[in-house]
Amino acid sequence: MLDATTRSGGTATASPRATATESTTATAPAVSPSLVSAPVAAAVSPSFAARCGRALLSPWARLALLVALLATAATCVLLFEPQRLLTHGWPPQLGGAAAASVFAVAYGLCTVAFVPRPLLNLAAGALFGSQFGTGSALTGTVLGAGLAFGLGRLLGQDALRPLVRGRWLKAADGQLSRHGFRSMMAARLFPGVPFWAANYCAAVSRMRSAPFLIATALGSIPNTAAYVVAGARASSPTSPAFLIALAIIAVPALAATTIAWRKRHHLRAP
C-alpha cells in the first residue's frame with residue numbers, strides 16, 4: 001500500500017487524505033475571538049435593553065415619577081408663593097382676557113401642586129372681578145382636574161389599584177367606579193373634600209374621564225362663584241353680595257354633611 005511505512009528506509013509516506021486535511025488547516029484563516037463574541041453580544045443587548053425598558057415602564061417606576069413630579073410642583077409653589085397675588089396684584093404687563101387666560105392656566109397648575117382652591121378663587125375675584133374671575137377660575141378648575149386625572153390614571157393607577165383594600169377603600173372605589181358622575185358631583189359640592197384628593201381617587205378608580213370632567217365643571221360652579229364674589233367684594237364685607245356669597249359657601253357644606261351622616265350606613269364594602 002502507498003501509505004504503509006517502509007521498513008527498509010525507516011520513513012513513512014502520508015496518505016493523500018491526511019495531506020489535504022493538513023494543507024486546508026494550514027491555509028485557513030484564524031477566526032478572531034471578537035467575531036465569535038459579536039453575535040452573542042448582539043443577542044444579549046436587546047434582551048438587556050428590553051429588561052431596562054420594562055423596568056422603567058413598570059407600575060412602581062411610573063408611580064415614582066408621579067411622586068417626583070408632584071414634589072417638584074409643590075416645591076415650585078413654595079418658592080414662588082402664588083398667594084402674593086392677593087397682596088401684590090397681577091403683573092401690569094397683562095390685562096383683560098389675556099390675563100384671565102394666563103391666570104386660568106396658572107390656576108390649573110397650582111391645583112395640581114396642592115394649592116387650595118379657595119385661595120385661588122379669592123385671588124381670581126380680587127384680580128378680575130366677579131364675571132371674569134368666575135370664568136377664569138372655572139376654566140382653571142377643569143384644566144387642573146383633567147391634568148391631575150390624566151397623570152394619576154397614566155402613572156399611578158396600575159401601582160395603586162392592588163393597594164385598594166379594606167372596607168372603606170373598597171367602598172369608596174366601588175362608589176366612584178359605579179356611580180362616578182353623581183359621586184363626583186357630591187364631592188365638588190361638598191367644600192370639605194380636598195380638590196386634589198378627589199382628582200387622584202377618581203384616577204385610581206375605574207371612573208371614566210368624561211363624567212369626571214362634566215361633574216367637576218357643573219359641581220364646582222356654586223362654590224367657585226361664591227368664593228370669587230367674596231374675593232371681589234372683600235372690601236365691603238357687609239354688602240348683600242358678600243353675605244349671599246358666604247351663605248352659598250355655608251349652605252352646601254351643611255347640606256352635604258347632613259346627607260353624608262344620614263347615608264353613612266350605605267358606605268360599606270360590596
Side-chain angles (χ1 to χ4, degrees), residues 56-74 77 100-118 120-121 124 134-165 168-225 227 252 256 260 266-267 269-270:
L56 292 175
L57 295 177
S58 64
W60 288 105
R62 283 180 285 152
L63 179 62
L65 177 61
L66 176 61
V67 173
L69 289 175
L70 296 180
T72 302
V77 166
S101 300
V102 173
F103 181 84
V105 175
Y107 185 114
L109 295 176
C110 287
T111 58
V112 176
F114 312 112
V115 176
R117 284 183 62 250
L120 297 172
N121 293 332
T134 301
S136 180
L138 284 175
T139 303
T141 296
V142 177
L143 178 63
L147 183 58
F149 184 87
L151 287 174
R153 179 62 56 88
L154 179 64
L155 300 178
Q157 187 187 45
D158 292 340
L160 294 178
R161 276 210 64 81
L163 302 179
V164 179
R165 300 173 182 173
W168 293 99
L169 289 177
K170 287 184 177 180
D173 176 70
Q175 185 71 18
L176 286 173
S177 299
R178 293 191 301 270
H179 311 289
F181 181 82
R182 70 184 187 187
S183 299
M184 192 52 54
M185 279 284 291
R188 299 311 188 194
L189 290 171
F190 179 43
V193 177
F195 184 72
W196 61 269
N199 294 337
Y200 292 113
C201 287
V204 174
S205 72
R206 294 186 176 91
M207 184 179 183
R208 293 179 297 145
S209 59
F212 170 79
L213 293 176
I214 295 173
T216 296
L218 296 178
S220 300
I221 291 176
N223 188 264
T224 301
Y227 273 102
H266 293 291
L267 189 62

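Values reported hereafter were calculated over all heavy atoms of this structure, with side chains retained and with hydrogens, waters and symmetry mates removed. Keep in mind it's a predicted model, so treat the numbers as computed, not measured.
For the residue pair C110 and L120, the shortest heavy atom distance occurs at CB-CD1, 4.0 Å. Contact record, T224 with A137: CG2-CB, 3.5 Å, taken as the closest heavy-atom pair. Minimum heavy-atom separation, L189 to P222: CD2-CG, 4.1 Å. In this structure, V142 and L213 approach most closely via the heavy-atom pair O-CD2, 4.1 Å.
In terms of modelled atom types and a separation under 3.5 Å, the side chain of T111 and the main chain of G108 share a donor-acceptor contact. Remark: the backbone N or O of R206 is paired with a side-chain donor or acceptor of S177 at under 3.5 angstrom.
Here the side chains of F149 and S209 are in contact, with some heavy-atom distance below 4.5 Å. Two residues are said to be in side-chain contact when any heavy atoms from C-beta on lie closer than 4.5 Å; R117 and S220 meet this criterion. Counting only heavy atoms from C-beta outward, the side chains of L176 and M184 approach each other to under 4.5 Å. Residues F114 and L70 meet the side-chain proximity criterion, which asks for heavy atoms closer than 4.5 Å.
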Step-by-step side chain to side chain contact (heavy atoms under 4.5 Å, CB included) determination, V67 to L155: CA-CA 9 Å; V67 173; L155 300 178; over 6 Å; no
Pair L143-Y107, side chain to side chain contact (heavy atoms under 4.5 Å, CB included): steps then yes or no: CA-CA 8 Å; L143 178 63; Y107 185 114; over 6 Å; no
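Not counting sequence neighbours, the partners of A145 by the side chain to side chain contact (heavy atoms under 4.5 Å, CB included) test are R188, F195, N199, F212, T216.
Using cut-offs of 30° and 60° for the angle between ring planes, the W196 and Y200 rings count as tilted.
Rounded to the nearest 0.5 angstrom, M185 CE and L218 CG are separated by 5.5 Å.
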